[in-house]
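Model, not experiment: these values are computed from the prediction.
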Amino acid sequence: MTRQVLIRSALALVVLVTLVPVGYLVSLAVRPASDVLNSSLFPGAWTLDNFTSVFDTIALGTMLQNSWVSALGAAALAVLIATPTAYFTARRFGGERLLTVLLAAYCAPPIVAVIPLFFLLRSVGLTNSVVGLIIVNGVANVPVAAWLLDGFVRRIPVEIDEAAVIDGLSVAGAFVKAVLPLLWPGVIAAFLVVFFLSYNDFLFAVYLAVTKESQTLTVGLSLFQGDRNVQFGQQAAAGLLGILPVYVLALAAQRFLVGGLATGATK
């Protein structure tokens, strides 16, 4: 009984510590400009003006739309590439070497790829484009999705593939009709992980999408910092409007996310 109390107390403490930054963000978002710098945790006055005025300061609606479209597109592209890749790394001799190469490439600092990516996208007319961000973030996160899905494929008995081939299917047909239906929990988990990573991306967005029509929320949040002052209240309101739908998505899909990560990360 005492052990359960200690565990629950520890979990409650972890949740509290995790929610403190979000709570302070809410506190900043509902403060008037004159009350932002009073250094207290709780606002001395309340206002909702920040949530309306932020749309006049930046094109928040367009930025939110660009963030969601680019993140969803990147997640779909990464999963589309990573699913057959994971099947190869898990089933074929020497496949682990390919997975190692992919993960090694992911370990490199992303900043080293910014300039080559800029010139590549410019050569095909995809700079300052949501499509360009989808391609860059999607391909950049293939190693993560492949690593997660590789663990799922390894948990599926290889006899399923062999039985499908004996029944007359090709290797590709066995993958699509016999293995892929069993991979959906992993596919959903990988999709969510890549979505969160792409939604939070700042480096590629700030270098590859600089026009107002293509900027994402992460870039928009940096625009509140001026030469002499920072509009903390509006910045906090924009941040809340950006993370609230993502939090709701994470809570709604937590069964797939937690279960998928727990299963896919182990071999």
Side-chain angles (χ1 to χ4, degrees), residues 1-32 35-48 50-51 64 67-68 71-72 75 78-79 82 86 90 99 103 106-107 141 143-157 182-202 217-218 221 230 232-267:
M1 189 68 177
T2 304
R3 182 180 179 183
Q4 292 182 352
V5 172
L6 291 175
I7 293 175
R8 292 179 180 179
S9 300
L11 291 175
L13 180 62
V14 171
V15 172
L16 180 62
V17 172
T18 304
L19 292 179
V20 165
V22 180
Y24 191 64
L25 194 66
V26 175
S27 176
L28 287 176
V30 297
R31 299 185 190 198
D35 190 53
V36 167
L37 299 179
N38 66 4
S39 70
S40 65
L41 292 176
F42 302 99
W46 298 78
T47 181
L48 296 177
N50 292 322
F51 290 94
L64 286 172
S67 291
W68 275 86
L72 289 172
V79 168
L99 186 61
L103 293 176
Y106 188 78
C107 293
N141 287 299
V144 176
W147 172 69
L148 289 172
L149 288 168
D150 179 272
F152 272 89
V153 176
R154 292 180 186 276
R155 285 178 172 268
I156 299 175
L182 302 176
L183 275 180
W184 278 114
V187 170
I188 295 175
F191 183 93
L192 290 172
V193 170
V194 175
F195 170 83
F196 294 140
L197 291 173
S198 301
Y199 190 84
N200 293 326
D201 169 68
F202 175 76
L217 176 65
T218 53
L221 292 176
V230 180
F232 289 107
Q234 292 187 25
Q235 190 177 42
L240 282 176
L241 292 174
I243 67 175
L244 183 60
V246 178
Y247 271 42
V248 172
L249 174 62
L251 289 174
Q254 63 178 328
R255 179 170 64 88
F256 295 100
L257 186 60
V258 176
L261 290 176
T263 303
T266 57
K267 299 181 181 179

Rounded distance (nearest 0.5 Å) linking atom CG of L13 with atom OG1 of T18: 9.0 Å
V30 side chain near T47 side chain, heavy-atom distance below 4.5 Å: no
Check: S27 side chain, G23 main-chain N or O, donor-acceptor pair, under 3.5 Å: no
For the student: nearest non-hydrogen atoms of V194 and A75, plus distance: CG1-CA, 3.6 Å
N50 side-chain N/O to P32 backbone N/O, donor-acceptor pair under 3.5 Å: no
Spatial distance of atom OG (S67) from atom CG (L72) [nearest 0.5 Å]: 10.5 Å
Worked check of side-chain contact (heavy atoms from CB on, under 4.5 Å) between L25 and I243: CA-CA 11 Å; L25 194 66; I243 67 175; 4.1 Å; yes
For V22 against Y247, the heavy-atom pair lying closest together: CG2-OH, 3.6 Å
Closest contact, heavy atoms only, A29 versus L240: CB-CD1, 3.6 Å
Gap separating the CG atom of L6 from the CZ atom of R3, nearest 0.5 angstrom: 9.5 Å
Spacing of CZ belonging to R31 relative to CZ belonging to F232, to within rounding of 0.5 Å: 11.0 Å
Minimum heavy-atom distance T218-Y199, with the two atoms named: CG2-O, 3.8 Å
Sub-6.0 Å ring centroid separation between F195 and W68: yes
Heavy-atom closest contact (V79 atom, A190 atom, distance): CG2-C, 4.1 Å
Non-hydrogen side-chain atoms of L182 and F152 separated by less than 4.5 Å: no
Donor-acceptor under 3.5 Å (D150 side chain, A146 main chain): no
Closest heavy-atom pair and its distance - G242, L217: CA-CD2, 3.3 Å
Interatomic distance, L149 atom CG to L183 atom CG [nearest 0.5 angstrom]: 6.5 Å
